[in-house]
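A short write-up of the structure that comes next.
Chain letters run A, B, ... following the sequence lines, proteins first and then strands; every chain starts at 1. Fair warning: this is a prediction, and the values are worked out from it, not measured in the lab.
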2 protein chains.
Amino acid sequence: MTDGVVERSRPRDRILETARDMFHKHGIKGVGVDAITEAAGTNKMTLYRHFESKDELIVECLRANAAKAGAMWDAFEAEFPGDKLAQLHAWVRKAAAMLNADGRGCDMANAAAELTEPDHPARLVIRELKEVQRQRLVTLCRDAGIGQAELLADTLSLLFEGARVSVQTVGAEGPSTQFVRMAEGLIVSFRGTAAG
Amino acid sequence: MTDGVVERSRPRDRILETARDMFHKHGIKGVGVDAITEAAGTNKMTLYRHFESKDELIVECLRANAAKAGAMWDAFEAEFPGDKLAQLHAWVRKAAAMLNADGRGCDMANAAAELTEPDHPARLVIRELKEVQRQRLVTLCRDAGIGQAELLADTLSLLFEGARVSVQTVGAEGPSTQFVRMAEGLIVSFRGTAAG
DNA sequence: TTGCATAGTTACAGACCGGTAACACCCTAG
DNA sequence: CTAGGGTGTTACCGGTCTGTAACTATGCAA
C-alpha cells in the first residue's frame, strides 16, 4: 500500500485512514494537510469541514489507533476464552509480530516525541490511552494468576516499548530479536513466585 | 536554563550547544535555524559558515550527545576502577537518574521518530552510535562475569529505552518507576546462572 | 598601517505550512 | 421539480521554513 488510499468510502473515513497511514510512515510534522487530502482523493476544504484543525485530526487518528488496539485485545479473548495465560502468551506473540511488521515504532510514542508542547491536546489523549493499555495488561496478568501482576505487566510493557524504539533506531536485527525470549522468561519466572 | 545560551565562546560551539538543548526540548522539526542562532547570540550566516546544512548540524548534535555519553562510561570506570559489577550498578543508577531528569526521552530515539526518510544522514549515525553503546553494555556485563552477557545487556537496554519513552508518554509516575527494581532483579537473576 | 579571516546585518528567494473565502457542482429527499 | 446538504475547485492569506547574496564591522597579525 502506497500513500494513495482512495477506496470509495465517505471522505471523512478516507481522510482519517489516510492520515493514520501517513502519520505512521512519515511522522506528524512530516505530513501536511495538503498531502493527506490529495492522497485521500479529496481536498483541503472537505478536511476542514470534518475536523476543525490538524491537531484535532491528529487526536482522532490516535483514538482510532487505540480502538484498533482494543480490538486486538478482544481477539485474544475470542481466541482463548477464559484462558488468561494463553491470552498473555498471545499478547507476546502479537507484540513480536508488530516488531517485525515495519521499522516504525508506536504511533503514540512517536507523536509524544514530536509534539513537545506540554499542553498539546494530543498529549492528554496519549496519556489516557496508554494508561488504558497498561491497565489491560495488568488485569490480564492478575487474572492469569500471577503474583506480582503489576510488576510483570510493567516490565513486559517497558520491554515492548523499548523493543519498538530499538527497531526504529538500530533495526530489527538489534536487541529486539530477543524480545520473545525475554518476555517468556519473565512470565515463567513470575509464575514461579507466589500467585494470588 | 532557558533557551538563551549566550556564554562567550566561539560561535560554532555556542550554536552546537544551543542546538543540542533546543532539539532536545522542542524536537528537531520543532526548531528552526533562526531560533537557534538567535538563542545562541549569533546569526544565520555564521551558522551556515560552520555547518553546510541543518541536517549536518543535526548529525553533529547527535555526535556530541554520544561523546557526552562516552564520558559517562569513563566516569564509571574512574569511580570503580576494575570493579565491573559496581560499574554495572552505577549504570543502573545513572539510567534511573536520567529518567527523572526531564520528561524528554532519548535524543537519538526521538530523532529517529522524527526523521523518517530511510537515507537521512542522521539515521546512519544513530544506528552507528546506538550500536557502540550496546556493545559497551555487553562488554561491561561480560567483564562483570555474567554468563549470558548479551542477553542481560540487551534486556537492560530495552528496559531503559522503554522507560524513557514511557516517561515521555505517561509521565514519570508510570511503569518507569519500577525500572531500578526490574534492572537489579535481572542482574541478580543473571548472576545466579553459570558465569563465564 | 595594511591585509585577511571571522563574524554580524539586512534583505531576499522559493517553497511550504495551516487555514479560509467564494462559488460551482452533484445527488438525494421531499 | 426543487431545495439543500455534502462535496469539489480555485484562489488566496499570513506566516514560517531552509538557504543565499551582498555588504559592513571587527579584531588580529605581519
Roughly, in whole Å, what's the span from [atom1] in [X] to [atom2] in [N]?
| X | N | atom1 | atom2 | result |
| --- | --- | --- | --- | --- |
| A:Ile36 | C:dC16 | CD1 | C1' | 14 Å |
| A:Asp34 | C:dA15 | CG | P | 15 Å |
| A:Leu47 | D:dT9 | CG | P | 15 Å |
| A:Phe51 | D:dG6 | CZ | C1' | 15 Å |
| B:Lys29 | C:dC16 | NZ | P | 14 Å |
| B:Asn43 | D:dG19 | CG | C1' | 13 Å |
| A:Ile15 | C:dG19 | CD1 | P | 14 Å |
| B:Glu38 | C:dT9 | CD | P | 11 Å |

Any N/O donor-acceptor pair, [X] side-chain to [N] base, under 3.5 Å:
| X | N | answer |
| --- | --- | --- |
| A:Arg49 | D:dG8 | yes |
| A:Arg12 | D:dG6 | no |
| A:Lys54 | C:dG19 | no |

Under-4.0 Å salt bridge between [X] and [Y]:
| X | Y | result |
| --- | --- | --- |
| B:Glu77 | B:Lys84 | yes |
| A:Glu161 | A:Arg164 | no |
| B:Glu131 | B:Arg134 | yes |
| A:Arg63 | A:Glu128 | yes |

Proximal nucleotide (of [options]) relative to the [X] side chain:
| X | options | result |
| --- | --- | --- |
| B:Tyr48 | C:dG18, D:dG19, D:dT7 | D:dG19 |
| B:Val33 | D:dT18, C:dG18, C:dG8 | D:dT18 |
| B:Met45 | D:dA21, C:dG18, D:dT7 | D:dA21 |
| B:Thr42 | C:dG8, D:dT18, D:dT9 | C:dG8 |

For A:Gly30 and A:Glu52, find the nucleotide of DNA chain C closest to each by heavy atoms; which residue's nucleotide sits nearer the 5' end?
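Closer to the 5' end of DNA chain C: A:Gly30.
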Nearest-nucleotide comparison on DNA chain C, the residue closer to the 5′ end among B:Pro11 and B:Lys44:
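Result: B:Pro11.
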Should B:Ile187 and B:Val92 count as side-chain neighbours, where that means a heavy-atom distance under 4.5 Å?
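B:Ile187 reaches B:Val92 side chain to side chain.
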Counting C-beta onward and ignoring hydrogens, is there a side-chain heavy-atom pair between B:Thr18 and B:Thr37 closer than 4.5 Å?
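Answer no - side chains too far apart.
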Considering just the side-chain nitrogens and oxygens of [X], establish if one lies under 4.0 Å of OP1 or OP2 belonging to [N].
| X | N | result |
| --- | --- | --- |
| B:His50 | C:dT6 | no |
| A:Thr46 | D:dT7 | no |
| A:Ser53 | C:dG18 | no |

In dot-bracket, 5' to 3', how would DNA chain C read with Watson-Crick or G-U wobble pairs under 3.5 Å, [ ] for crossing ones and | for pairs to another strand?
||||||||||||||||||||||||||||||
Less than 3.5 Å apart, any donor N or O on the side chain of A:Asn65 or A:His24 sitting next to an acceptor on the other?
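There is no such pair (donor and acceptor under 3.5 Å, judged by atom type) between the side chains of A:Asn65 and A:His24.
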As a test of understanding, state which of A:Phe80, A:Phe160, A:Phe76 forms a ring-ring contact (aromatic ring centres under 6.0 Å, His included) with A:Trp91.
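Output: one option passes, namely A:Phe160.
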